[in-house]
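On a predicted model such as this, the values are computed, not experimentally measured, just so you know. So you know, we letter chains A, B, ... as the sequences are listed, proteins then strands, and number each from 1.
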Amino acid sequence: MTTIDQILTDWVRAEFTRIFPEAGDALSAVQVVSAGSPDYGDYQCNAALALARSLKRKPRDIAQTFLDQASRPESVERLEVAGPGFINIHLKTIWLAGHVAAVLKDERLGVPTIGTGRTVVLDYSSPNVAKPMHIGHIRSTVIGNALDRLHRFLGYRVISDNHLGDWGTQFGIIIMGYRHFADQQALADSPVEELERIYVKSYEQSKAGDEWLQQCRQELVKLQAGDAENQALWRQFVDLSLKEFNRIYLRLGVAFDLTRGESYYNPRLPAVIDMLQQKGLARESEGALVVFLEDEKLPVCMVRKSDGGYNYATTDLATLISRQEEFDPETIVYVTDERQQLHFKQIFTVGKKLGIRARLHHVWFGLMRLPEGTFSTRQGNVIKLERLLDESETRALAVVRQTSPAMPENQQKAVARAVGIGAVKYADLSQNPQSLVTFSWDKALALDGNSAPYLQYAYARIRSVQDKYRDQFPGRDPEAFPIRLDEPVERALALQVARFAEAVTMAARLYKPSVLADYLFALSGLYNGFYQNVPFLKAPEGVRESRVRLCGVVARILRQGLDLLGIETPERI
RNA sequence: ACCCCCGUAGCUCAGGCGGAUAGAGCAUCGGAUUUCUAAUCCGAUGGUCGCAGGUUCAAGUCCUGCCGGGGGUGCCA
């Protein structure tokens, strides 16, 4: 299906081109957008203002000429020139109703499969082994997963990869800590917490004395050289961590195609160095091997330390090359926090020099902070992700018990789970990620206003209406009646319904799930106004069925849209 | 010192390509339920879009400088 803005843009651009051929290249910028306010019609075109310069004519004259000479497609009721030269477009209500009926009928709710035959690799979540996932990890996980779902729905072949931090210098510290401080009972009860405790303690020791640090390095060298005992310990740390991560992923409804840690690429690191040297990109400097990026005005990128060890730039380059060879993707997307911006600029630049063809994109988000400042494992002021999820479900359960006391307890709990987890996810998905976020319980767990429960509530209300319709009018098929948009609120709702495809494609194109969240919130707002202000079941026959059908299409969009954000929609809440 | 990001209502934030009177949520105040789930709806209050210049028909949006906050800058990731 073609979206309304596209239908209108195609028409307006063709007509502008016919009427004003002298405008030339500027015509490619002609487009139609939704109207800024209902007062200005349904859609508007600002091309007359933009073309005024190249045509050397007054904007209003251009717009008027367009009105005089342009054809009228079947969708258009009337056009008007307004303000300095806007062209306001009013759609035929009956045509809009037909369009909504077509969206309703469409399995995909009008969303095109623009990704068919295209591959995207998505690198997200990527927590560090031996550290618990805390509230700072949720953004990459939740945003990455939404991008994953959006692209799959659009028909892309998606390779999602959880690039675990399972290699590196911290393992020397952990192994030393394990040998000296491990509490087996604690390790059995709460493995990752214990590993973290061990790590922090060993890290403090290494700060205190050089000898400890040296021993940590030795353990690391042994591990990297393939020492059987250290390898076994490392394997154990990874397995214990993965078990806990998977528990959280299950709870969040997140799944990966691949879980390849940094260690997976370890055997390929020497080959990366070879490539860099063969291409003359890497040079010795101060005992280390580095790539100079002066032409790009970037700091040097170190690929081998003076002690011969590799660092994360080398690993990420190996990862890039591996992904290019194995999947030949059109795009590779990384979802990480803002601190890695420079790192990825360097990696992308070096990667291009090495012949990586894929488009490379870094989706970054602001760090999560606490009101009193940053948190860190070592300061011990982290809030574990599981605690956040527990708290959210608890708060949701309290509300469910209060508002739906008659609901069986296991259903109350299921609803609280969907609402609680949904609220936490939505808090991160509904805002532009590129701002620093100060964590607050009230904000993360908001259950009213612009929140997941607001959308889930709208959905549940619709399901209830549909059930009541079936009860009161058994055997009747609303689909046999046409959609009617007599009330302004119905018309506004229909316009929003028609824009679902636009919201989904834009959210994916801009890598911003918040675009879809905003859309769904606006849809719910319009629906709630509709619900509140016009009768459905008590409306006369015909009007009643039309409204039930509108309810139905809104429900499907809410369910599909929330699913794309990774949020569940209970039938009752 | 340099580089990147942010600064919009009391608080938290939306505002692809520059477009009409800058929008939500929370909070505050006032209304709405014999009727489809009130986790809702309707209304009100609340703004020199950090500051100063510039570009143009038009700037929250683009450019320059400054102020404030955050992050980063070859041997952690």
Q | Distance, P atom - from B:C4 to B:C62, rounded to whole angstrom | A | 14 Å
**Q.** Rounded C1' spacing from B:G19 to B:G60 in Å
**A.** 13 Å
Q) Watson-Crick or G-U wobble partner for B:C29, using a 3.5 Å limit on both distances? A) B:G43
Q: Rounded off to whole Å, could you give me the CD-to-C1' distance for the A:Glu338 and B:A77 pair?
A: 15 Å
Q: Select base, sugar-phosphate, or nothing to describe what A:Val291 touches, counting heavy atoms under 4.0 Å on all strands.
A: nothing
Q: Would you classify A:Lys58 as touching base, sugar-phosphate or nothing, given that sugar-phosphate means primed atoms plus P, OP1 and OP2, and contacts are heavy atoms under 4.0 Å?
A: nothing
Q. NA contact type, A:Ser464, heavy-atom cut-off 4.0 Å: base, sugar-phosphate, or nothing?
A. base
Q | Separation of atom CD in A:Glu294 from atom C1' in B:U73, rounded to whole Å | A | 15 Å
Q: Mind checking A:Glu286 for me? I need base, sugar-phosphate or nothing, with any heavy atom below 4.0 Å counting as a touch.
A: base
Q: May I ask you to check whether A:His361 and A:Tyr334 place their ring centers less than 6.0 Å from one another?
A: no
Q | P spacing across the pair B:U21 / B:U8, given as an integer number of angstrom | A | 23 Å
Q | Whole-angstrom distance between B:C5 and B:U12, as gauged at atom P | A | 22 Å
**Q.** Selected nucleotide, minimal atom distance to A:Ala288 side chain, candidates B:C5, B:A39, B:C75
**A.** B:C75
Q.
Output the rounded distance in Å from NZ (A:Lys345) to C1' (B:G71).
A. 12 Å
Q | B:U56: pairing nucleotide in any strand, Watson-Crick or G-U under 3.5 angstrom | A | none
Q | Identified pairing partner of B:G65, criterion: Watson-Crick or G-U wobble below 3.5 Å | A | B:C51
Q.
Any carboxylate oxygen within less than 4.0 angstrom of a Lys/Arg side-chain nitrogen, looking at A:Glu296 and A:Lys353?
A. yes
Q: Would you classify A:Ile573 as touching base, sugar-phosphate or nothing, given that sugar-phosphate means primed atoms plus P, OP1 and OP2, and contacts are heavy atoms under 4.0 Å?
A: base
Q: Identify whether any heavy atom of A:Phe536 sits under 4.0 Å from a base atom; if not, whether one sits that close to sugar-phosphate; answer base, sugar-phosphate or nothing.
A: base
**Q.** P atoms of B:C11 and B:G53, separation to the nearest Å
**A.** 26 Å
(Q) With a cut-off of less than 4.0 Å, is there a side-chain N or O of A:Arg461 near OP1 or OP2 of B:A38? (A) yes
Q: Quick one: pull up NE2 in A:His90 and CD in A:Glu80 and give me the separation to the nearest 0.5 Å.
A: 3.5 Å
Q) Between atom CG in A:Leu367 and atom P in B:C6, what is the gap in whole Å? A) 15 Å
Q. Taking atom C1' of B:G70 as reference, at what distance in whole Å does atom CG of A:Asp337 sit?
A. 12 Å
Q: Mind checking A:Val400 for me? I need base, sugar-phosphate or nothing, with any heavy atom below 4.0 Å counting as a touch.
A: base
Q. Considering Watson-Crick and G-U wobble pairs with both distances under 3.5 Å, what does B:G23 pair with?
A. B:C13
Q: Calculate the interatomic distance between A:Leu164 atom CG and B:A77 atom P; express it in whole Å.
A: 16 Å
Q) Could you run down nucleotides 15-27 of chain B 5' to 3' and tag each one B, S or - for protein heavy-atom contact under 4.0 Å? A) SBB-BBB--SSS-
**Q.** Per A:Lys538 side chain, nearest of listed nucleotides B:A39, B:U35, B:C13
**A.** B:U35
Q | Nucleotide B:G72, atom P - distance to CD1 of A:Ile347 in whole Å | A | 17 Å
Just list the side-chain donor-acceptor pairs under 3.5 Å for residues 23-31 of chain A, sequence neighbours left out, or say none.
from, atom 1, to, atom 2, distance (Å)
A:Ser28, OG, A:Asp25, O, 2.9

Q: State the pairing partner of B:C76; accept Watson-Crick or G-U wobble contacts with both distances under 3.5 Å, and report none otherwise.
A: none
Q.
Taking the six-membered ring for Trp, are A:Tyr469 and A:Phe536 closer than 6.0 Å centroid to centroid?
A. no
Q) Considering the options A:Val400, A:Ile573, A:Thr403, which one meets the side-chain contact (heavy atoms from CB on, under 4.5 Å) requirement together with A:Gln412? A) A:Val400
Q | First of A:His343 and A:Pro299 reached from the 5' end of RNA chain B, by closest nucleotide | A | A:Pro299
(Q) Tell me the interatomic distance from A:Tyr531, atom OH, to B:U40, atom P, rounded to whole angstroms. (A) 13 Å
Q.
Using a 4.0 Å heavy-atom cut-off, does A:Arg572 contact any base of the nucleic acid, only the sugar-phosphate backbone, or nothing at all?
A. base
Q) Which atom pair, heavy atoms only, marks the closest approach of A:Asp428 to A:Ile138? A) OD2-CG2, 3.0 Å
Q.
Between A:Glu391 and A:Arg395 (salt bridge meaning N to carboxylate O under 4.0 Å), is one present in this structure?
A. yes
**Q.** Under-4.0 Å side-chain N/O to phosphate OP1/OP2 contact, A:Asn528 with B:C41
**A.** yes
Q. Hey, is the side chain of A:Tyr312 pairing donor to acceptor with the base of B:A77 inside 3.5 Å?
A. yes
Q: In whole angstrom, give me the gap between the P atoms of B:U56 and B:C51.
A: 23 Å
Q.
Would you measure the distance from the C1' atom in B:G30 across to the matching atom in B:C36 and give it in whole Å?
A. 27 Å
Q. In terms of side-chain heavy atoms of A:Asn533, which of B:C36, B:C41, B:G72 is nearest?
A. B:C41
Q: Counting heavy atoms from C-beta on, name the nucleotide in B:A14, B:C36, B:C5 closest to the side chain of A:Val465.
A: B:C36
Q. Do A:Tyr511 and A:His362 make the cut of ring centroids closer than 6.0 angstrom?
A. no
Q. From B:U37, B:G71, B:A77, pick the nucleotide closest to the side chain of A:Glu262?
A. B:A77
Q: Step through it carefully: locate the ring centre of A:Tyr454, locate the ring centre of A:Phe521, and say whether they are under 6.0 Å apart.
A: yes
(Q) Taking any heavy-atom pair under 4.0 Å as a contact, classify A:Val300: base, sugar-phosphate, or nothing. (A) base
Q. With rounding to whole Å, what would you report as the distance between B:U35 and B:U48 at their P atoms?
A. 45 Å
Q. Does a side-chain N-to-carboxylate-O contact under 4.0 Å join A:Arg470 and A:Asp467?
A. yes
